[in-house]
There are 2 protein chains.
Amino acid sequence: MQASKRAKDPLICNGAALRKATRRITQLYDAVLAPCGLSVSQRSVLVHIARAGEPTMSELAQAMVLDRSALAHNLKPLQRDGYVVVRRDEVDGRSRRVVLTEVGQEKLSASHHLWRSAQDRFEAAYGVERAADLRLALAEIFSDDFAKAFNRARAAPSSG
Amino acid sequence: MQASKRAKDPLICNGAALRKATRRITQLYDAVLAPCGLSVSQRSVLVHIARAGEPTMSELAQAMVLDRSALAHNLKPLQRDGYVVVRRDEVDGRSRRVVLTEVGQEKLSASHHLWRSAQDRFEAAYGVERAADLRLALAEIFSDDFAKAFNRARAAPSSG
DNA sequence: CGCATTTGCGTGCATATGCCAGTATCAGTC
DNA sequence: GACTGATACTGGCATATGCACGCAAATGCG
């Protein structure tokens, strides 16, 4: 009956399960973050920029496990709202560096307590330790090494 | 690596981690599924329809943890390609029932070995048991009960 | 220095996802 | 049987995501 019982079923797609969980968590976090006007997705971009300093488009896309063109699209609303600016790299004219503006930094700071609230709620429901373990598992999965291992792994000869 | 060490950091957003892992897995699975012309997302819709029989839009959306309007949009390419049809419910004229066509069933069957290949690769890299545990964790997270627990867990006291 | 290749991005198109407003339909009331 | 409220769905708008293709700039080669 329960979906949780069925989840052990090897016929359940890992990708579909991941997508469903992501949709749910995005909804829950977005609802909590709503008052500050940032979505989880948008806040994640600002966090990654702040973490990296002034990354190029490629560096930022790589860090976010995001397609370059998708990143370019995602930056548009953030540029429009004045949270980030993109400028040509001084050394390599092909590269663009993404920079967090003052307004963007303030917005990010202002979003922190709301994000913390959402995170706390998640961990109250799921468990602090379990959440940390989950993040570790997810970090392994989205790592470049994992993608390499996936692509190296030949499909197991199905019994038939 | 540092990335995996940092994942334990309580300042890492669970939502962002989930989104990154989902983007990665979607890319990996989609690449394997490409020959059959279905994406993980599209195949997941067909799987859920097959599993449910002839669900209404609401039932299908609920099962997929997907917004009703999002589901309606997602069905359009599948209708256009003749994999599903949507018809009014005989009893309740407001409801629409989503039905898998012959072509849709064949497409789903044809995609199975490709999906199995992707799933096997994932589990070769991540571990069969660990994958089953992950699906269980994800199923817990996207369950309605979890959403209720999340929404109950409020730090701020409600006036009433 | 001039040209072919490589590299870093942006654009256009298609799909994915969600919110809100509007429409159609059903159930209950008088 | 018309009015009222609830329910199921659709459409419009905005963002998210990725692929194919084209542009601009750096690099390698003669």
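All values below were derived from every heavy atom in this structure, side-chain atoms included, with hydrogens, water molecules and symmetry-related copies excluded. Residue numbers start from 1 in every chain, and the chains themselves are labelled A, B, ... in the order their sequence lines are given, proteins ahead of strands.
Contacts of B:Thr56 with the nucleic acid, taken as non-hydrogen atoms under 4.0 Å apart, involve only primed sugar atoms and P, OP1 or OP2. If you check every strand for non-hydrogen atoms under 4.0 Å, B:Ser95 touches sugar and phosphate atoms only. Heavy atoms of A:Asn74 sit under 4.0 angstrom from at least one base atom. Nucleic acid contact for B:Ser39: sugar-phosphate only, since backbone atoms but no base atoms lie under 4.0 Å from a heavy atom of the residue.
Straight-line distance from the CG atom of A:Leu71 to the P atom of C:dG10: 8 Å, rounded to whole Å. Counting to the nearest Å, the P atom of C:dG18 and the CD1 atom of A:Ile25 are 13 Å from each other. As a whole-Å value, the separation of B:Asp89 CG from C:dA24 C1' is 14 Å. At whole-Å resolution of the value, OH in A:Tyr29 and P in C:dC19 are 17 Å apart. Between the CG atom of A:Leu33 and the P atom of C:dC19 there is a distance of 13 Å, rounded to whole Å. Taking atom CD on A:Gln62 and atom P on C:dC9, their separation rounds to 12 Å, with Å as the unit.
In terms of position on DNA chain D, the residue among A:Pro77 and B:Arg97 whose nearest nucleotide sits closer to the 5' end is B:Arg97. Nearer to the 5' terminus of DNA chain D, by closest-nucleotide assignment, is the contact made by B:Lys76 (compared with the other of B:Lys76 and B:Arg24). DNA chain C is contacted by both B:Leu75 and A:His73; A:His73 maps to the nucleotide lying nearer its 5′ end (nearest heavy atom per residue). In terms of position on DNA chain C, the residue among A:Ser58 and B:Gln42 whose nearest nucleotide sits closer to the 5' end is A:Ser58.
Looking only at side-chain heavy atoms (C-beta outward), B:Arg116 and B:Asp120 come within less than 4.5 Å of each other. Between A:Val85 and A:Val99, some side-chain heavy-atom pair lies under the 4.5 Å cut-off.
Taking every side-chain heavy atom of B:Ser41 into account, C:dT17 is the closest of C:dT17, C:dC9, C:dT11.
Atom CZ of B:Arg23 and atom CG of B:Leu18 lie 10.5 Å apart (nearest 0.5 Å). Between atom OG of residue A:Ser143 and atom NZ of residue A:Lys148 there is a gap of 8.5 Å, rounded to the nearest 0.5 Å.
Using a 4.0 Å cut-off, no side-chain N or O of A:Arg94 falls inside it from OP1 or OP2 of C:dC9. Considering only side-chain N and O atoms, A:Arg68 lies nowhere under 4.0 angstrom from the phosphate OP1 or OP2 of C:dT7.
Side-chain contact, B:Asn14 with A:Tyr29: a donor N or O sits under 3.5 Å from an acceptor N or O. Judged purely by distance below 3.5 Å, without hydrogens or angles, the side chains of A:Gln105 and A:Tyr83 never pair a donor atom with an acceptor atom. Between the side chains of B:Arg68 and B:Ser58, at least one donor N or O lies within less than 3.5 Å of an accepting N or O.
Counting 5' to 3', DNA chain D first comes under 4.0 angstrom of a heavy atom of chain A and last does so at the ends given by D:dT15 to D:dA26.
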